[in-house]
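Proteins come first, then strands; the chains are lettered A, B, ... in the order of their sequence lines, and each starts at number 1.
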2 protein chains.
Amino acid sequence: MPEEVAVKTWRELSRQFAALSWALESALKEQHELGMSEFEVLDRLVEDEHRCLRMQELGELIHLSQSALSRTVARLEKDGLVERALCATDRRGVYVRLTDPGQQRHAEARPTHRRVINDTLRG
Amino acid sequence: MPEEVAVKTWRELSRQFAALSWALESALKEQHELGMSEFEVLDRLVEDEHRCLRMQELGELIHLSQSALSRTVARLEKDGLVERALCATDRRGVYVRLTDPGQQRHAEARPTHRRVINDTLRG
DNA sequence: GTACGCTAAATGCACGTGCATTGAATGCGC
DNA sequence: GCGCATTCAATGCACGTGCATTTAGCGTAC
């Protein structure tokens with residue numbers, strides 16, 4: 001890939017990401033009181049069979065530093081959307097479990113999320 | 001485009017952007033004492049015929065809020081890499097002009113920038 | 001058992017960003 | 001000329017993030 005093409009690709013990537021993340025952030029915040037990172041956590045938890053993941057697993061799925069993820073989960077916990085539970089087999093670890101209110105909030109926000117993605121990627 | 005495919009696209013976009021912006025940020029910071037946004041400003045200025053753009057023009061090229069751009073330019077100015085000049089025709093406007101040290105710093109950093117992009121997009 | 005290194009998650013801190021506001025300058029209507 | 005809405009850039013402030021460190025728990029070697 002010639003150098004200038006790579007730069008063009010990067011700029012296009014930036015542009016798309018900026019547009020979409022801004023659109024998601026504002027739509028989720030305004031309509032559902034959720035930040036993008038918060039929704040992302042809920043969205044991953046819903047996909048899990050047991051609606052429960054370890055911090056470490058979440059960290060691999062979500063592009064956030066370990067500390068940022070820790071605080072994001074803390075915010076969700078404060079709002080009662082997830083709960084933390086100690087890991088029985090390894091007490092250093094923490095399970096993050098989706099609560100019923102969390103599942104409900106996600107169900108409300110999900111259509112917004114999907115719609116914004118479709119609209120923005122199309123536009 | 002089916003809904004799940006759009007979500008996959010978004011997640012892939014996020015993943016690529018996170019990987020590339022992190023790689024750029026750390027490489028530019030470590031090797032050239034430049035943040036990604038700072039480099040982006042220099043990179044756009046170099047491409048301009050007169051190495052000089054209005055804040056507003058920069059704002060359209062770079063995906064940064066107006067306030068963030070203002071501060072990014074302020075940091076560059078503090079380091080002597082750009083200078084601000086009042087716009088003669090509209091005294092509300094500000095021209096941002098690349099200085100010689102700025103051009104030199106960009107020339108040093110550019111190969112790093114291009115290489116990281118190529119390597120990361122390929123990987 | 002104890003000591004050591006390693007890993008998981010939380011926290012102090014500094015920094016960059018966005019939002020809202022401010023201050024200055026322009027252009028339009030009158 | 002005089003207002004008045006609009007535009008451009010800068011700034012106060014709050015917030016989310018990353019880095020570095022801390023705290024706790026694990027595993028291995030001895």
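Side chain of A:E60 to backbone of A:E57: no donor-acceptor contact under 3.5 angstrom is found. A donor-acceptor pair under 3.5 Å links the side-chain atoms of B:R105 to the main chain of B:H32, judged by distance alone.
Here the P atom of nucleotide D:dC19 and the CG atom of A:L64 are 11 Å apart, to the nearest Å. Rounded to whole Å, the distance from CD on A:E60 to C1' on C:dA9 is 14 Å. Going from atom CZ of A:R91 over to atom P of D:dT23 covers 19 Å, rounded to whole Å. Counting to the nearest Å, the P atom of C:dT17 and the NE2 atom of B:H63 are 14 Å from each other.
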Checklist entry - What string of B, S and - do you get for nucleotides 2-11 of chain D, 5' to 3', when a contact is any protein heavy atom under 4.0 Å? => result -----BSBBB
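With B:S14 as reference, A:H63 is the one residue of A:M36, A:E40, A:H63 to meet the side-chain contact (heavy atoms from CB on, under 4.5 Å) rule.
Around CD of A:E12, the count of heavy atoms belonging to other residues, nucleotides or ligands within 6.0 Å exceeds 12. The number of heavy atoms from other shown groups lying within 6.0 Å of CZ (A:R11) is above 12.
Of the charged side-chain nitrogens involved, at least one lies within less than 4.0 Å of a carboxylate oxygen, so that B:R114 and B:D43 count as a salt-bridged pair. Between A:R110 and B:E4 there is no salt bridge, since no side-chain N of the basic residue sits under 4.0 Å from a carboxylate O of the acidic one.
Of the residues in residues 15-43 of chain B, those with a non-hydrogen atom less than 4.0 angstrom from any atom of DNA chain C are B:S37.
Remark: A:F17 pairs with B:W10, B:F17 by the ring-ring contact (aromatic ring centres under 6.0 Å, His included) rule, at least two apart or across chains.
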